[in-house]
Every structure is written in structure tokens, then in C-alpha cells.
Number of protein chains: 4
Amino acid sequence: MSGTLNKVMLIGHLGDEVKMHYFEGGGSIGRFPLATNETYTNRTTGERVTNTEWHNIVVRNKAAEICEKYLSKGDRIYVEGRIKTRQWQDDSGNTRYSTEIQATDFTFLTTKKEGQPADGIPAKPAQGSAQPQQPQTSDPVVSTPEDDDLPF
Amino acid sequence: MSGTLNKVMLIGHLGDEVKMHYFEGGGSIGRFPLATNETYTNRTTGERVTNTEWHNIVVRNKAAEICEKYLSKGDRIYVEGRIKTRQWQDDSGNTRYSTEIQATDFTFLTTKKEGQPADGIPAKPAQGSAQPQQPQTSDPVVSTPEDDDLPF
Amino acid sequence: MSGTLNKVMLIGHLGDEVKMHYFEGGGSIGRFPLATNETYTNRTTGERVTNTEWHNIVVRNKAAEICEKYLSKGDRIYVEGRIKTRQWQDDSGNTRYSTEIQATDFTFLTTKKEGQPADGIPAKPAQGSAQPQQPQTSDPVVSTPEDDDLPF
Amino acid sequence: MSGTLNKVMLIGHLGDEVKMHYFEGGGSIGRFPLATNETYTNRTTGERVTNTEWHNIVVRNKAAEICEKYLSKGDRIYVEGRIKTRQWQDDSGNTRYSTEIQATDFTFLTTKKEGQPADGIPAKPAQGSAQPQQPQTSDPVVSTPEDDDLPF
DNA sequence: TTTT
DNA sequence: TTTT
């Protein structure tokens with residue numbers, strides 16, 4: 001069942017700090033809002049209008065901790081991931097939907113001042129492999145291994 | 001205001017027919033649900049589980065009419081677009097959110113039997129340009145020109 | 001060192017069979033040409049012209065073996081990867097360049113007839129992880145783990 | 001003729017200034033090298049190695065002029081486009097290949113100091129459409145209209 | 001030839 | 001060398 005693709009690529013600015021949530025089993029999840037902009041030119045008035053789109057970014061485990069450590073409100077980041085719409089029942093019994101971007105890769109685009117890794121963070125955290133005698137290639141982007149996903 | 005990117009790329013199957021809506025000014029909009037799949041292997045039980053993600057695709061004007069004409073429920077399509085979350089107030093006065101994919105490009109991936117264009121639809125419909133003496137390059141994908149967007 | 005992105009996404013048809021090469025250490029590499037098309041409308045003559053672009057796809061290890069097993073000349077596939085230009089000296093001492101697409105993910109788009117996996121191939125081969133009590137999420141696309149890259 | 005996709009997405013730094021070339025018919029072309037990085041950890045020695053990949057970016061017409069005006073060596077940019085491999089015969093009669101990225105969209109990622117548009121450049125230059133009474137939506141990224149392509 |  |  002497949003032959004499908006669900007991919008999102010965003011470049012935007014953090015609208016707030018990364019909010020972490022830690023689980024008993026040792027896992028963690030980080031969330032932050034990301035803003036992208038779109039510009040209109042109203043054909044009637046000729047004025048330019050900017051619309052902001054907010055995306056709910058979700059990162060997990062080591063990647064989440066890296067984000068929390070190095071990202072701040074206002075920073076620019078490239079995020080790659082997939083769209084996930086969760087649904088739940090509200091108090092009135094209505095089905096409600098919430099769409100998130102589950103991040104799988106990201107790259108920091110804000111150049112930080114001091115001894116901060118900005119871009120140069122330890123890529124592919126926790127990929128945890130050990131094949132001797134061969135170089136391990138890692139992306140310039142930080143990838144979140146599928147292996148340590150949590151069950152939600 | 002910008003330096004941002006809001007891009008979605010999906011390959012999936014139509015969950016229903018394209019539903020058209022025509023406007024007085026001559027514009028039109030088409031909507032259809034698109035399914036992408038994700039596969040889990042439950043680590044405890046070892047069984048494989050498939051989750052389906054549904055995306056609300058929105059196409060406009062000529063592109064919408066092409067989709068309505070050539071796409072059917074079950075067909076596979078590549079869709080490129082941007083994420084747009086609209087909000088409105090429900091009857092109880094709560095703010096509700098609905099996330100759509102506003103398609104900017106697409107390619108039909110289902111091979112149709114008869115004299116149907118399947119892939120070979122007239123690309124870049126209504127791009128409406130006329131620069132003489134030079135070949136017009138057009139993408140293999142159908143692009144929806146920004147110019148004929150409607151105000152919503 | 002980074003903050004960069006090198007990503008290629010292709011949908012095309014195989015121009016030939018997957019050619020495998022096996023290494024002593026147990027690794028393997030598969031290569032095949034992939035065709036994408038672009039359509040021109042010549043503005044002077046009004047005739048439509050199709051240009052074909054050929055991409056050199058390179059897949060490694062388990063992913064290569066899956067490709068060899070299930071892909072044939074003419075099949076359609078989605079390939080995600082990165083651009084890599086290798087250079088070498090030709091017989092005349094000139095520097096020559098060859099650009100390849102090193103595949104990191106792919107999805108088969110040709111629906112196969114019989115009991116062939118077509119889409120439903122065992123995703124994420126060899127990701128080889130073992131974290132108990134949690135479901136392993138895997139993409140609908142087949143990912144080639146970075147860990148088993150070979151040194152070239 | 002199609003159902004194919006040829007898409008490249010890069011974030012990198014300019015290795016040199018934008019080199020312009022103007023044609024008699026009024027068209028223009030801009031070229032610049034773009035660097036992306038990839039990081040290895042050599043499994044034997046444990047040392048981290050950075051490999052740089054150079055991409056030949058080609059931009060046309062108004063987009064080229066915007067690039068020349070606002071981009072400098074070292075600047076970071078997001079480039080979207082397609083892969084195009086050109087071939088020609090060298091002096092020895094050998095067929096030689098050169099792979100370029102024909103840019104279709106881009107976004108400046110370097111924040112400029114002074115009154116420079118950096119990100120806020122006039123998007124969608126020369127899209128040249130005139131549909132009254134409706135807002136024109138334009139991407140945050142600069143798009144190069146297909147219409148003014150030149151015949152090479 | 002870029003960047004960190 | 002693919003596909004429509």
C-alpha cells in the first residue's frame with residue numbers, strides 16, 4: 001500500500017520558542033510555530049499585502065533537543081517533513097482537526113554569533129550505527145531517524 | 001517580508017471525484033481528497049499497519065477544469081502546492097481550522113486507456129503569453145498561473 | 001559546516017535495466033538511466049516539441065537490490081536524492097565531469113500485474129533498528145540508510 | 001507527453017559573482033556557482049570531513065537581473081529549478097557533458113544590511129498579467145515565467 | 001569558488 | 001535509452 005509521497009518543505013521563522021515535552025520512556029517531543037509569508041498585489045488598489053501562514057512543527061527525541069538548544073524565536077530554519085492531520089472530539093462532541101508538520105529533516109539558516117553550532121550541529125543524531133571500515137555519510141541536514149519514533 | 005518557502009509535494013490517489021464550483025466572474029475552483037499512505041511496523045507485535053493521510057486539494061480555474069475532465073476517483077496524481085490553513089467560527093463561536101493544499105502544479109500518474117491525455121494534457125493552460133520568435137518552454141507538469149487566482 | 005540543501009526529486013521512466021555491481025566487502029551499487037520530459041511549444045511554428053532529459057541514478061546496497069529485483073526498463077519511478085558531480089581525467093588529460101543522482105528514497109509508480117510488490121515493497125530495508133515497545137514508523141518511500149554507504 | 005517531474009531544490013552559498021550575458025533580442029542570462037556541503041564521519045578514523053558540491057546555476061531575463069543586482073559572492077540563496085545536461089563536442093571530437101540547474105524560483109536567504117531588498121524583492125517579475133478586480137497572488141519566492149525563455 |  |  002503505497003507508491004505515495006507526503007512531503008513538506010518549509011523555510012520560515014520561529015514564532016515562539018521550542019516547547020518541549022518529555023515522556024517517561026525517555027522520548028521527547030518539541031513543538032514550535034513556523035511562519036511563512038506570501039505576498040499579494042491587490043489588482044484593484046495596487047497595494048501589496050503580506051499574508052502569514054503558520055505551521056505547527058513537531059520534532060522528536062534528539063532532534064527535538066537540538067532544536068530546543070539552538071533555536072530561538074525569530075530564527076530562520078529549513079524544515080522538511082510530512083503533513084499529519086490529527087482529529088479529536090471537542091467538548092461539544094464535534095470532530096476537530098489539527099494539522100501538523102512532522103519534521104524529518106531540518107537545517108538552521110540563522111547565523112548565530114558565538115560558539116553556537118548554528119548550522120554545524122552534530123548531524124544525524126542518534127542514527128546509532130556501527131559499520132566498521134567505512135565512512136558514514138551524513139546529510140548536511142539533520143535527519144530524525146524513523147527508529148526512535150514514539151507511538152503518537 | 002519573505003525569504004520563506006511553503007511547498008508541498010504529494011503523490012497519492014483521489015478519494016473521490018473532483019467537485020467543481022463556478023463563480024460569477026468566470027473563475028472556478030475544484031476540490032478533491034487525496035490519500036497518501038504511511039506504513040508502521042509495530043515493534044511489539046511485529047505486524048505492519050498502514051495509516052492513510054487525507055489531504056484537501058484545491059485547484060483553480062483552467063487547472064481545475066482539466067482535473068475535473070481527466071481525473072477520477074482512484075487515480076494517482078502528483079500534486080505540488082502550498083499549505084493554507086483557513087479559519088472560521090463555528091456555530092458555537094469556536095475558531096475552527098481547516099488546512100488545504102493549494103495546488104500550483106500537478107502531473108497525472110494514472111495511465112488512461114483510450115484517447116485520454118492522461119499525462120499529455122495541454123500543459124500550462126492559460127499562461128496566455130505571446131512573445132514572438134521564441135519557443136515557449138513549459139514544464140511537464142501543469143502549472144496554475146498565479147495571475148488568475150481568485151480572492152480567497 | 002552546512003546549512004545547505006542538495007535535493008533532487010524526479011518522476012520518470014527507466015531507459016534501461018538496473019545494472020548491478022557488487023563489491024568484495026558485501027556492498028553493492030545499482031545504476032540506471034531515468035528519463036524526464038519537457039515540452040516546448042515553438043512560438044514561431046506553433047509546433048510542440050518534447051525534450052528528454054536523462055539522469056544517471058545511483059542506488060546502493062539493499063535499495064539497489066530491491067531496484068534490480070522489481071524495476072524494469074520502461075517502469076515509472078519517483079526518485080529522491082542528491083546531485084553529485086564526479087570528476088576524472090580522460091586519456092587526453094582533460095578533466096571530465098559526470099553528474100549523478102545519488103538516490104536516498106524512491107517509490108515505484110508502475111503498477112505491476114502479478115504478485116509483485118510494486119508499491120508494497122518492504123520499506124526502509126536494512127534500517128536495522130531495535131527499539132522495543134514502540135512502533136517503527138517508516139515512510140511510504142524506500143529510504144536508503146546513510147549508514148551503509150560505501151566509500152565512493 | 002509526460003507525467004514526469006524534474007525538480008531540484010538547493011540551499012547554498014554563491015562561490016562567485018553572478019556573470020551576466022545579454023542577447024540582442026533583449027534577453028539575458030545569468031550564471032553563478034552555488035556550493036552545498038555534505039559531511040562525512042570517517043568510520044575508521046572518526047574524523048569529520050566536509051565535501052563541497054558545486055552547482056552551475058542558470059537564471060534568465062528579469063530574474064537574472066535581480067540576481068545580479070542583489071546577490072554577491074558568499075550570499076546564501078534557495079534555488080529551485082530543473083536539471084539540464086547539455087552536451088557538445090570538444091576539440092578532440094569527444095562528446096562532453098555539462099550539467100546545469102536552470103532556476104525557476106529562488107529566495108534570498110542572506111539578510112542584507114542597508115536598504116537592500118534581500119528577501120523583499122519584487123516577486124514574480126515580469127509575470128505581466130492583467131486581470132482586473134482580483135488580487136494577484138505571488139509566491140514569496142521569485143519565479144521566472146516560462147514565457148520569456150530563450151531558445152537555448 | 002562558498003559557508004561554518 | 002523511457003514514456004505518451
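Convention: sequence-line order gives letters A, B, ...; per-chain numbering from 1. As the structure is a prediction and not an experimental result, all values here were calculated from the model.
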Next on the checklist: In whole Å, I'd like the distance from the CZ atom of C:Arg31 to the C1' atom of F:dT2.
Outcome noted: 19 Å
Checklist entry - To the nearest angstrom, how far is D:Lys73 atom NZ from E:dT2 atom C1'? => result 8 Å
Item to check | Which residues share a salt bridge (charged side-chain N to carboxylate O under 4.0 Å, His left out) with D:Lys7, sequence neighbours left out | outcome: B:Glu80, D:Glu80
Next on the checklist: Expressed as a whole number of angstroms, how long is the span from C:His55:NE2 to F:dT2:P?
Outcome noted: 15 Å
Next on the checklist: In whole Å, I'd like the distance from the CZ atom of C:Phe108 to the P atom of F:dT2.
Outcome noted: 20 Å
Checklist entry - Just how far, in rounded Å, is C1' of E:dT3 from CG of C:Leu5? => result 15 Å
Checklist entry - NA contact type, D:Thr36, heavy-atom cut-off 4.0 Å: base, sugar-phosphate, or nothing? => result nothing
Checklist outcome for this item: Winner on side-chain proximity to C:Asn37, out of F:dT1, F:dT3, E:dT3, is F:dT3
Next on the checklist: Do the side chains of C:Arg82 and D:Glu38 get close enough for a salt bridge, i.e. N-O under 4.0 angstrom?
Outcome noted: yes
Next on the checklist: From the set F:dT3, F:dT1, E:dT1, return the single nucleotide nearest to any side-chain atom of C:Trp54.
Outcome noted: F:dT1
Checklist entry - Can we say D:Arg96 and D:Asp90 salt-bridge, meaning some charged N sits less than 4.0 Å from an Asp/Glu carboxylate O? => result yes
Checklist entry - F:dT2 base to C:Thr52 side chain: any donor-acceptor pair below 3.5 Å? => result yes
Checklist entry - How is D:Gly12 classified with respect to the nucleic acid when contacts are heavy atoms under 4.0 Å: base, sugar-phosphate, or nothing? => result nothing
Item to check | Nearest to side-chain heavy atoms of D:His13, which nucleotide of F:dT3, E:dT1, E:dT2 | outcome: E:dT2
Checklist entry - In whole Å, what is the span from the CZ atom of A:Arg76 to the P atom of E:dT3? => result 17 Å
Item to check | Atom-pair distance (CG on C:Leu10; C1' on F:dT3), nearest Å | outcome: 15 Å
Checklist entry - To the nearest angstrom, how far is C:Tyr78 atom OH from F:dT2 atom C1'? => result 19 Å
Next on the checklist: Applying side chain to side chain contact (heavy atoms under 4.5 Å, CB included) to A:Leu71 and A:Ile77, what does each step give before you reach the verdict?
Outcome noted: CA-CA 9 Å; A:Leu71 284 177; A:Ile77 186 178; 3.6 Å; yes
Next on the checklist: If the condition is side-chain contact (heavy atoms from CB on, under 4.5 Å), which residues does C:Tyr97 pass it with, not counting sequence neighbours?
Outcome noted: C:Thr85, C:Gln87, C:Thr95
